[in-house]
There are 2 protein chains.
Amino acid sequence: MKIGKQERQKLIINFISESKISSQQQLATLLHSRGIPVTQSTLSRDLEEIGVAKVRDQNGDPIYTVSSTVVSISPPEEALRKVLREWVAKVEYAGNIVVLHTPPGCAHVVAAALDRAQLEDILGTVAGDDTIFIVSKNEKAAGTVAGRLNDASGLIVKYKSE
Amino acid sequence: MKIGKQERQKLIINFISESKISSQQQLATLLHSRGIPVTQSTLSRDLEEIGVAKVRDQNGDPIYTVSSTVVSISPPEEALRKVLREWVAKVEYAGNIVVLHTPPGCAHVVAAALDRAQLEDILGTVAGDDTIFIVSKNEKAAGTVAGRLNDASGLIVKYKSE
DNA sequence: TATATTGGTGTATAATTATGCTATGAGAGA
DNA sequence: TCTCTCATAGCATAATTATACACCAATATA
């Protein structure tokens, strides 16, 4: 049976959503077994056109998935990460207060991003010129927040105030 | 500055979520420019450990994304696709009724999956032994439903009753 | 101390995926 | 019919990613 590009791509989508496909070669074999001869080159192009992505399962092994099943993280959180990465120079905390240091004049930008992200454990923020106070409900929560912000900012230095 | 694996992977996550990284080589260059020498081999291992996936943007170009930002399609829809792919032999429609043909005794399984998926344009289903009637509100809707089911079933034959 | 053991990494290379080029076949128009 | 154009896909190969192996440093063990 001779089939066209459309039909082949439909079948590819079905195979990918049904079973764990982890390489184009594997997909080619599968299609061959259904009487549809196709080369890896063509599959590479098909997968690009369909928008297939290669993600990883729990074991870290790669499997294909159709891109319509992939969604992105919420914009505010992503924006926050970006801002933190760019502007945060230091993270410390003492008691229930986390203190962020930024370049001069940047504090309000960071604080605005923090407010928009509405992170739990953050009761509120106050921004100066190059410093932000983040109020948490207790020391434990402050530690959690500080840790998360430190991670997100990509800082390597320790954040605990000794 | 000497940094460990943990710190490096944190930076990798930040770079990936910040900018459009499309190859390990590109990532390696980026890290080098920050004074962190690392080979492509190590990055390959890091990306697996972090669970990074390679998805595609609107243009079909590949970009890395952290797996925590990837979620799967809803189970019922996926299950329906699976069932349709496996059991549906033919899709036709006439008037506002779509008729599915399945192997003997399989109709109820397919009908149940259809009901669970709660597709719009489907008012209800009736399953016999190897036949299912799907009632839509009019012929146009029936055509839409038939087309969608045909696609999902992976059938190559045309579904329109001439 | 001497000897394993383990985690992390680089090197070289295998495996996988993408692509430049070419060929073929289906329509369009002369 | 002849030629042109366009879409599709194969082949060969480039580009990218994964991995077998070996080495080193740190830690444990006798």
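These numbers were taken from a predicted model, which means no experiment stands behind them. Letters A, B, ... are given to chains in the order of the sequence lines, protein chains preceding strands, and every chain is numbered from 1.
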5' to 3', nucleotides 14-25 of chain C under a 4.0 Å protein heavy-atom cut-off (B base, S sugar-phosphate only, - none) gives --SBBBBB----

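Between B:L31 and B:F15 there is a side-chain heavy-atom pair separated by less than 4.5 Å.
In this structure, B:L31 atom CG and C:dT9 atom P are separated by 12 Å, rounded to whole Å. Rounded to a whole Å, the CD atom of B:E49 is 12 Å from the C1' atom of C:dT9. A straight line from CD of A:Q9 to P of D:dA7 spans 15 Å, rounded to a whole angstrom. Between the CG atom of B:D46 and the P atom of C:dT9 there is a distance of 7 Å, rounded to whole Å.
Applying the side-chain hydrogen bond (donor to acceptor under 3.5 Å, both in side chains) test to B:T131 and every residue at least two apart in sequence or in another chain returns nothing.
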Derivation and outcome, salt bridge (charged side-chain N to carboxylate O under 4.0 Å, His left out), residues A:R148 and A:D121: CA-CA 11 Å; A:R148 254 189 279 145; A:D121 292 332; 3.3 Å; yes

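Of the options B:L43, B:L47, B:I50, B:V52, a side-chain contact (heavy atoms from CB on, under 4.5 Å) to B:Q9 is made by B:I50 and by none of the others.
Within 6.0 Å of CZ on A:F133 lie no more than 12 heavy atoms contributed by other residues, nucleotides or ligands.
In plain terms, the two heavy atoms of A:V98 and A:A142 that are nearest each other are CG2-O, 3.4 Å.
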